[in-house]
Engineer: 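Below is one structure. I have some questions about it.
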Amino acid sequence: MRRISWMLAMVMCVTLLLAGCGKKSADDVVKDLSDVVSDLNSYHGTALMTLHTGDTPQEYKVDISYRKPSYYRIAMTNEKKDVTQIVLRNDEGVFVLTPSLNKSFRFKSDWPNNQGQVYLYETLVRSIIGDASRQLATDDKSYVFDVAANYNSHALVRQKIWLSKNDYAPTLVQVSDANAKVVVDLKFDQFAFDTKFDKDSFDMERNMASGKTSTGSEGAPSSGAVEPGGQLDPSGAMDGTTGVTSGEPGQEQGTAGDAVQQPSGEAKVDGTATNDTSKPDAAANAEVQPGTSDAANGTSAGTDAAEAVMGEFGLIEPSYTPAGVQIKDTPELEDNGTHAVMLRYSGTYNYTIVEARPKDRAVALAAGELVDIGGSFAVLTGSEQQTMTWMNDGIEFRITSADLPVSEMIQIAASIQDQSGK
């Protein structure tokens, strides 16, 4: 009897020991994640991103592609509006493309090294590794980390990241605010490491052309051998030129920082008040050259789409205004074909919002940063005086200010996304 009891005790001890050996600690997983990132060659994933920032949740399909050393392609589709925006990084720089409107911004940036994105694998791993107070839980299939949210928004405080136990691929990310309310929910449909891409999968012209097809084919990278690629020039040197697409051949369009002619004494061409002596932002100096009607493939497909949405639109006011700020006025702007309108705000912060319907064009900027404003992408330019530029429903929006924090710009921009003209 004693022999049987002793044997049972030994079996239980061995079982417990084996179970303990099979369970990884947070430090074990972090070490594994460091190895995964250091050996990362490429990946591709698709996800459904739901934003709970307004009265109604907004859903976006996100397609993410990465190829070593620094090639990125992020396609974000709003199926309700049937609009896709693409962020592209290749040897030529960083691009924000809106293929359906044949519009593109090109700028020099360190993105995404200088800014995290919830849908990028490197960002998620960095958040886990960098948080010394990280918490780890597990379920049947996943490691679940609870860590700080290091994004360019004070509204995002914490995040939970689900990683597959099999290969550490992300399956779910939930980002919460200070009240523990989930603001961003990112559910991956699929995610695969060591993806093979065609050599032109990260080419600007190919993406502009493919983005004009049906949305069902957007965002899907082609299979093929992975081609070696060069590192983006560390100096960021670029030629500063790119073709401008115009509704009329040879007609030159304004730049991202070039608003419209303002009434005397009211505002400068960059959308700032005349009493603001700070330097014009980099966008105001963007070089633009006349081009063809379609920078991607020489056709007028983008022009037709743009012309369909051209015309006057109502004043679109943001639903969010920073504390201590009030709208000052809405000065009339001389119509130069872009149907531009302006809103000026003053108080704790002073800034202007210019809304216009510019014709097709591609713009090269000297330097800028990519900003995720929730379901869309904006370009931030300038230093002492900053301008944030983005497209929504065929309308170009620009917020310009010398004292408005970027976090406030993002909240204002996000509150405009689903507004309609009055």
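Please read these numbers as outputs of a predicted model, since none were measured by experiment.
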Engineer: To the nearest 0.5 Å, tell me how far M342 CE sits from K328 NZ.
Structural biologist: 11.0 Å
Engineer: Can you see which heavy atom on D63 is nearest to which on T46, and at what distance?
Structural biologist: OD2-CG2, 3.4 Å
Engineer: Using the rule given for side chain to side chain donor-acceptor pair (under 3.5 Å), can you reason through N207 versus R73, listing the C-alpha separation, both sets of side-chain angles and the distance that settles it, and then say yes or no?
Structural biologist: CA-CA 9 Å; N207 280 277; R73 180 187 184 278; 2.4 Å; yes
Engineer: Measuring from atom OG of S142 to atom CG of L163, what distance do you get when rounded to the nearest 0.5 angstrom?
Structural biologist: 7.5 Å
Engineer: Salt bridge check, R134 against D27: does any charged N sit closer than 4.0 Å to a carboxylate O?
Structural biologist: yes
Engineer: Less than 4.0 angstrom from a charged side-chain N to a carboxylate O is my criterion; do E92 and R106 meet it?
Structural biologist: no
Engineer: Using salt bridge (charged side-chain N to carboxylate O under 4.0 Å, His left out), reason through E79 and K61 one step at a time and then give a plain yes or no.
Structural biologist: CA-CA 8 Å; E79 291 191 305; K61 292 180 67 176; 3.8 Å; yes
Engineer: Determine whether S201 and D198 satisfy the following criterion, side chain to side chain donor-acceptor pair (under 3.5 Å), listing intermediate values before the conclusion.
Structural biologist: CA-CA 5 Å; S201 293; D198 284 345; 5.0 Å; no
Engineer: Would a distance-only check, ignoring hydrogens and angles, find a side-chain to backbone donor-acceptor pair under 3.5 Å from S34 to V30?
Structural biologist: yes
Engineer: Hey, can you pull the donor-acceptor pairs under 3.5 Å for the side chains in residues 179-193, sequence neighbours left out?
Structural biologist:
unit_1, atom_1, unit_2, atom_2, d
D185, OD2, Q174, NE2, 3.1
Q190, NE2, H44, ND1, 3.2

Engineer: Are the aromatic rings of Y66 and Y121 close, with centres under 6.0 Å apart?
Structural biologist: no
Engineer: Indicate yes or no: does D146 engage R158 in a salt bridge with an N to O separation below 4.0 Å.
Structural biologist: yes
Engineer: If you measure from CE on M409 to OH on Y349, what distance do you get to the nearest 0.5 Å?
Structural biologist: 11.0 Å
Engineer: Just by distance, with hydrogens left out, do E408 and Y351 show a side-chain donor and acceptor under 3.5 Å apart?
Structural biologist: no
Engineer: So which atom in L101 and which in M391 form the shortest heavy-atom distance, rounded to 0.1 Å?
Structural biologist: CD1-CE, 4.0 Å
Engineer: Stepwise, does the side-chain contact (heavy atoms from CB on, under 4.5 Å) test hold for T138 with K165?
Structural biologist: CA-CA 9 Å; T138 61; K165 286 183 177 179; 4.1 Å; yes
Engineer: So F202 and R67, side-chain contact (heavy atoms from CB on, under 4.5 Å) or not? Walk me through it.
Structural biologist: CA-CA 9 Å; F202 300 90; R67 189 181 75 191; 3.9 Å; yes
Engineer: Is it the case that the side chain of S376 and the backbone of I373 share a donor-acceptor pair, with hydrogens and angles ignored and the cut-off at 3.5 Å?
Structural biologist: no
Engineer: Regarding Y168 and D32, is there a side-chain donor-to-acceptor distance under 3.5 Å anywhere?
Structural biologist: yes
Engineer: One pair to check against side-chain contact (heavy atoms from CB on, under 4.5 Å): Q159 and S127. What are the steps and the verdict?
Structural biologist: CA-CA 9 Å; Q159 60 182 336; S127 298; 3.2 Å; yes
Engineer: Is any side-chain heavy atom of R126 closer than 4.5 Å to a side-chain heavy atom of L124?
Structural biologist: no
Engineer: Do the non-hydrogen side-chain atoms of M76 and F377 ever get within less than 4.5 Å of each other?
Structural biologist: yes
Engineer: For the atom pair CZ (R344) and OG1 (T330), what is the distance rounded to the nearest 0.5 Å?
Structural biologist: 9.5 Å
Engineer: So which heavy atom on T56 is nearest to which on Q58, and how close?
Structural biologist: O-NE2, 3.2 Å
Engineer: Exactly one of T77, L97, N78, V96 should register a side-chain contact (heavy atoms from CB on, under 4.5 Å) with Q85. Which one does?
Structural biologist: V96
Engineer: Are W111 and Y72 close enough that their ring centers fall under 6.0 Å?
Structural biologist: yes
Engineer: For residues I416 and I316, determine if any side-chain heavy atom of one lies less than 4.5 Å from a side-chain heavy atom of the other.
Structural biologist: yes
Engineer: Under 3.5 Å, is there a donor-acceptor pair linking the side chains of T387 and T381?
Structural biologist: no
Engineer: Could you check whether any side-chain N or O of D203 sits under 3.5 Å from a backbone N or O of R206, counting only pairs where one atom can act as donor and the other as acceptor?
Structural biologist: yes
Engineer: Give, for atom CD1 of I74 and atom CD1 of I86, the distance between the pair rounded to the nearest 0.5 Å.
Structural biologist: 10.5 Å
Engineer: Heavy atoms, side chains only, cut-off 4.5 Å: are V175 and V118 in contact?
Structural biologist: yes
Engineer: Looking only at side chains, do S38 and D35 share a donor and an acceptor under 3.5 Å apart?
Structural biologist: no
Engineer: V325 and T348: which non-hydrogen atoms are nearest, and at how many Å?
Structural biologist: CG2-N, 3.9 Å
Engineer: Check step by step if side chain to side chain donor-acceptor pair (under 3.5 Å) holds for Y151 and D372.
Structural biologist: CA-CA 10 Å; Y151 301 109; D372 189 331; over 6 Å; no
Engineer: Show your reasoning for whether side-chain contact (heavy atoms from CB on, under 4.5 Å) applies to L343 and Y345.
Structural biologist: CA-CA 7 Å; L343 299 88; Y345 293 81; 3.5 Å; yes
Engineer: Which heavy-atom pair separates Y143 from S164 by the least distance, and what is that distance?
Structural biologist: CD1-O, 4.4 Å
Engineer: For E369 and S109, which I'm curious about, is there any donor-acceptor pair between the side chains at under 3.5 Å?
Structural biologist: yes
Engineer: Check whether any side-chain heavy atom of I412 lies under 4.5 Å from a side-chain heavy atom of T321, and answer yes or no.
Structural biologist: no
Engineer: Start with the C-alpha distance between T195 and S42, add both sets of side-chain angles, then the distance that settles side chain to side chain donor-acceptor pair (under 3.5 Å), and finish with yes or no.
Structural biologist: CA-CA 6 Å; T195 306; S42 64; 4.8 Å; no
Engineer: Do K81 and N392 come within less than 4.5 Å of each other through their side chains, counting heavy atoms only?
Structural biologist: yes
Engineer: Do the side chains of R89 and S70 get nearer than 4.5 Å, heavy atoms only?
Structural biologist: yes
Engineer: Measure across L51 and G374 and return the closest heavy-atom pair with its distance rounded to 0.1 Å.
Structural biologist: CD1-C, 3.4 Å
Engineer: Would you call I353 and R398 a side-chain contact if the rule is heavy atoms closer than 4.5 Å?
Structural biologist: no
Engineer: Roughly how far apart are K24 NZ and K31 NZ, rounded to 0.5 Å?
Structural biologist: 9.5 Å
